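Predicted model only: the values in this text are computed from it and were never measured. Because only heavy atoms are used, hydrogens play no part in the values below, and waters and symmetry mates are left out as well, while side chains stay in.
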2 protein chains.
Amino acid sequence: MSVITCLAGPPVTIAIVAKSDGASRTPHDVAALRAVDGRVPGRRGLATRQRLVECTIGLLGSSSYRDLKVTDITRAAGTSPATFYQYFVDLETVLLAVAEQTVEEGQRLVELISQRAWSGPAGVDSAEALVDGFLDFYRTHRPTLRVVDLLSTEGDKRFRHLRTLILNGMTKALAAEITTVQGDAAEVEPMAMAGALIGMLPQMAGHQMGFEAWDISFAEVREAMIRLIYWGVTGPKVPKR
Amino acid sequence: MSVITCLAGPPVTIAIVAKSDGASRTPHDVAALRAVDGRVPGRRGLATRQRLVECTIGLLGSSSYRDLKVTDITRAAGTSPATFYQYFVDLETVLLAVAEQTVEEGQRLVELISQRAWSGPAGVDSAEALVDGFLDFYRTHRPTLRVVDLLSTEGDKRFRHLRTLILNGMTKALAAEITTVQGDAAEVEPMAMAGALIGMLPQMAGHQMGFEAWDISFAEVREAMIRLIYWGVTGPKVPKR
DNA sequence: TGTACATCAGTGAACGCGCGTTCACTGATGTAC
DNA sequence: TGTACATCAGTGAACGCGCGTTCACTGATGTAC
């Protein structure tokens, strides 16, 4: 068994949390970051906290969620269990912190949607760029997205909320494009269609290997996704029933 | 905390496992069901084993996967931990048994696909029936599908295989319909498109609540799904790039 | 039909590891004057 | 600039619960003759 460490400290960043409207972001309220025993963490403390968060992500990537232990995280971070409990009340809390950090990242993909044309041949290119952009996003945030997804489907409201926030920017941007392209002709609520399309992306990304058994190359699935997005945005006519 | 029990025994059914080709099914090889200490279970033993499987499903539905313990399962089944280890080597093994039972169930939806028309207005009705049929399927098998999905994305090959088997019938049936409808005009490999569409279904079903935050009624998302399936099957033209 | 034997089925009780969690303490850092 | 004090930061070591797991045993069931 190999020992995983996170000793190389990354640049210190202060955790950011999204406001409930999902639009603007503000630095964490100081009280929210207050350590469990009432101390207000300074530079050094925040760096340690951040290291714990990052080691958690690392462990989520290399072992199963079920096997994630507080002691493993502190061992990986080169610190002691007592330190962990100075910053997080339990495992779930550090997972929330992990998820919060991804909310910011999710907004970067918005420009892949809103700064593009979505009708005609250019629309297909845009769909392709969105798919590839998301696959890239997923590759770097796989452990986080997986655990957020799991805890969401298990019914935890806080993680459901965070999942919404992560996908929020993309979904709203895509809905806006749908409205632009289809106007009053839209037969389906643009937000619903956008939500379905964006929600499809992590699903696909997470099951890339799942197609092997059918001898389907993932390249073909990617083509399918591109078309589904294009269709969803442009809304081809569907026969009346 | 409430105590969950599974004492009311269901009719005894012998566990069925799918062959690796995913097509034909045979009763479990006797050796595969041999208890850990070498005994060959009879009627009574198989009933106990089945009760353990069903209590596992029950617990997966009422508490989180992370909190699932062997002792909880045996307590729910009204038996002792030692009995558990007579039929399963560990927790993972009983989860595999849980998943295997759902493989059979997944094939029931095949007729919702293959015994229907998929072009013209009837195609939209078929898409609707598939969506509703799947939502119903998900409702009754949510705990299982969730845990299979999780362990698949975590990279476990056995669960990935089982997930494939569960969705296998539907995917192949839908691919066949795509081929019928589009013929040589298909621009995307039918199995890839079918895999994308069928894979979308558990995703949607699992995140029904996730749309609340956006004030989208799930009914609208359902409409979006129906259209995406219709488009995927009929394959509207996409502009050349 | 009855008896004896083989095998299936189930479990009480215990063992021990590992993990969550805490306390009392030392060391580091910052700042007031 | 130096000293004293407050507060931040970190941890060694331990405690104890709970869970996984096993063993040696009793009871139930089936069947051979």
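Counting heavy atoms of neighbouring residues, nucleotides and ligands inside a 6.0 Å radius, atom CD of A/Glu105 exceeds 12 of them.
Nearest nucleotide to the side chain of A/Val40, out of D/dC8, D/dG20, C/dG10: D/dC8. Distance from the side chain of B/Gln86 is smallest for C/dG10 among the nucleotides D/dT11, C/dG10, D/dA9.
D/dA28: Watson-Crick or G-U partner is C/dT7, with both key distances under 3.5 Å. Pair assignment for C/dC19 gives D/dG16, based on Watson-Crick or G-U wobble hydrogen-bonding distances that are each under 3.5 Å. Checking C/dC33 for Watson-Crick or G-U wobble geometry (two distances, each under 3.5 Å) identifies D/dG2 as its partner.
Annotation: the span from B/Phe84 atom CZ to B/Arg49 atom CZ amounts to 10.0 Å, rounded to 0.5 Å. For the atom pair A/Arg160 CZ and A/Asp156 CG, the distance stands at 8.5 Å (nearest 0.5 Å).
Taking each heavy atom of B/Thr56 and B/Leu95 in turn, the nearest pair found is CG2-CD2, 4.0 Å.
Checked by atom type, the side-chain pair A/Thr93/A/Asp90 shows a donor-acceptor distance below 3.5 Å.
A/Lys69 has its NZ atom 15 Å from the P atom of D/dG18, to the nearest Å. Here C/dT7 presents its C1' atom at 15 Å from CG of B/Leu46, a figure rounded to the nearest Å. The interatomic distance linking A/Phe84 (CZ) with D/dG12 (C1') rounds to 19 Å, in whole Å. To the nearest angstrom, P of C/dG10 lies 13 Å from CZ of B/Arg49. Rounded to an integer number of Å, the gap from A/Phe88 CZ to C/dG20 P is 15 Å. Taking atom CD1 of residue B/Ile73 and atom C1' of nucleotide C/dG10, one finds them 17 Å apart after rounding to whole Å. Atom CG in A/Asp67 sits roughly 16 Å away from atom P in D/dC19 (whole-Å rounding). Between the CZ atom of A/Arg66 and the P atom of C/dC19 there is a distance of 13 Å, given to the nearest Å.
Remark: side-chain polar atoms of B/Glu189 are not paired, donor with acceptor, to backbone N or O of A/Ile216 under 3.5 angstrom.
For the OP1/OP2 pair of D/dC8 and a distance below 4.0 Å, the side-chain nitrogens and oxygens of A/Arg43 include no atom meeting the criterion.
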Please write out each protein N/O paired with an N/O of nucleotides 21-28 of chain D under 3.5 Å, distance rounded to 0.1 Å.
{"from": "D/dT21", "atom 1": "OP2", "to": "B/Tyr85", "atom 2": "OH", "distance (Å)": "2.7"}

Quiz prompt | Verdict with reasoning, B/Asp149 to B/Arg146, per salt bridge (charged side-chain N to carboxylate O under 4.0 Å, His left out) | solution = CA-CA 5 Å; B/Asp149 217 74; B/Arg146 235 165 35 190; over 6 Å; no
